[in-house]
Amino acid sequence: MGQKDYFSLLNQPQTFAVDLSSLEAVKNVLLQRLHPDRFVTASALEKRIAQQMSVQVNEAYRTLADDLLRAQYLCKLKGFDVNEHRPMPADFLMLQMQWHEALEACEQTGDEGARQRLFEEVKEHQRLLIASLRKAFDTDHDDKAAFEATRELMFVNKLITQIQH
């Protein structure tokens, strides 16, 4: 199996849209082949290689099964560093500020209804970003737009976690 990209490792097309059932099926087949019970009489080196490959298969699955991790990974494969410090679009910065102010107000007042409405608004934005990622990566092949949407999704996912706590 060697050093393959995660898509090749799990026999998947290099697209944002993934077939989760296919992804899981391939992962399960590979993990069965690499199971320690199959290497009981193998050398220490073969056992270690099988273990390392199992870790790689699990990491590939975890990455490709998650929208944000998959988008970040695709950006990396296309030469984009989603962690580089670049300014975000002004309209998105304003939206971030509004959401943070709304969350702060919910926390100060204890208004769970407002918190739930904020959660639903941000989740809808997340859904739209995921749709735009699918279009940017798979339809338009617009790596720059995919990169920008991935950076926004990173923020949105973090905010969703903050709203839930």
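Heavy atoms only: backbone and side chains are in, while hydrogens, waters and symmetry mates are out.
- Counting only heavy atoms from C-beta outward, the side chains of His125 and Phe92 approach each other to under 4.5 Å.
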| request: Dump the intermediate steps for side-chain contact (heavy atoms from CB on, under 4.5 Å) on Met53 and Arg33, then the final yes or no. | output: CA-CA 10 Å; Met53 290 174 73; Arg33 290 182 190 160; over 6 Å; no

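- Counting only heavy atoms from C-beta outward, the side chains of Thr15 and Arg134 never approach each other to under 4.5 Å.
- Note: the hydrophobic cluster containing Phe137 also contains Leu77 (ILVMFWY, side chain heavy atoms under 4.5 Å, direct or indirect links).
- Between Glu121 and Arg117, none of the side-chain N atoms (NZ, or NE/NH1/NH2) sits under 4.0 Å from a carboxylate O, so this pair counts as no salt bridge.
- Here the CZ atom belonging to Arg127 is positioned 12.5 Å from the CG atom belonging to Asp67, to the nearest 0.5 angstrom.
- A 4.5 Å side-chain heavy-atom check between Glu112 and Gln116 finds every atom pair outside the cut-off.
- One distance of note links NZ of Lys78 with NZ of Lys144; it measures 15.5 Å at 0.5 Å rounding.
- Between Phe155 and Trp99, the two ring planes are parallel [angle under 30°; tilted spans 30° to 60°].
- Heavy atoms of other residues, nucleotides or ligands lying less than 6.0 angstrom from CD of Glu120 number more than 12.
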| Given the rule in the side-chain contact (heavy atoms from CB on, under 4.5 Å) test, do Lys135 and Asp142 qualify, once you have shown the distances and angles that lead to the verdict? | CA-CA 8 Å; Lys135 184 177 184 299; Asp142 185 344; over 6 Å; no

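- Salt bridge status for Glu148 with Arg151: present, with a side-chain N to carboxylate O gap under 4.0 Å.
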| task | Would you check, one step at a time, whether the test side-chain contact (heavy atoms from CB on, under 4.5 Å) holds for Val122 with Leu118? | result | CA-CA 6 Å; Val122 177; Leu118 176 62; 4.0 Å; yes

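- Residues Val156 and Leu69 fall into different hydrophobic clusters, defined by Ile, Leu, Val, Met, Phe, Trp and Tyr side chains chained together at heavy-atom separations under 4.5 Å.
- Tyr61 places none of its side-chain heavy atoms less than 4.5 Å from the side chain of Leu31.
- Not a single donor-acceptor pair under 3.5 Å links the side chain of Asp66 to the backbone N or O of Arg62.
- A donor-acceptor pair is defined here as one N or O able to donate and one able to accept, closer than 3.5 Å; such a pair exists between the side chain of Asp138 and the backbone of Phe16.
- Seen from the ring of Phe39, Lys47 does not count as a face-on cation partner, given the 6.0 Å and 45° thresholds.
- Under a hydrophobic-cluster definition in which Ile, Leu, Val, Met, Phe, Trp and Tyr are linked whenever side-chain heavy atoms come within less than 4.5 Å, directly or via other members, Val29 and Phe7 are assigned to different clusters.
- Among the candidates Val18, Asp5, Val26, the single residue satisfying the side chain to side chain contact (heavy atoms under 4.5 Å, CB included) test with Leu10 is Val26.
- Heavy atoms of other residues, nucleotides or ligands lying less than 6.0 angstrom from CE of Met94 number 12 at most.
- Arg48 places none of its side-chain heavy atoms less than 4.5 Å from the side chain of Ser43.
- Interatomic distance, Leu30 CG to Leu9 CG, rounded to the nearest 0.5 Å: 6.0 Å.
- Here the side chains of Phe147 and Asp143 are not in contact, with every heavy-atom distance at 4.5 Å or above.
- For the atom pair CD of Gln126 and CG of Leu159, the computed distance is 10.0 Å after rounding to the nearest 0.5 Å.
- Atom OG1 of Thr63 sits about 9.0 Å away from atom NZ of Lys76, to the nearest 0.5 Å.
- Looking at Asp111 and Arg115, their side chains never come closer than 4.5 Å, going by heavy atoms from C-beta outward.
- Side chain of Asp19 to backbone of Ser21: a donor-acceptor contact under 3.5 angstrom is found.
- Under the 4.5 Å side-chain heavy-atom criterion for grouping Ile, Leu, Val, Met, Phe, Trp and Tyr, Met97 is not connected to Phe119 through any hydrophobic cluster.
- Within the 4.5 Å cutoff, no side-chain heavy atoms of Gln12 are placed close to those of Tyr6.
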| said: Under the criterion side-chain contact (heavy atoms from CB on, under 4.5 Å), I'd like the reasoning laid out for Asp91 against Leu95: C-alpha separation, chi angles, the key distance, then a yes or no. | reply: CA-CA 6 Å; Asp91 58 338; Leu95 189 55; over 6 Å; no

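- Under the 4.5 Å side-chain contact rule for hydrophobic residues, Met88 and Ile160 share a cluster.
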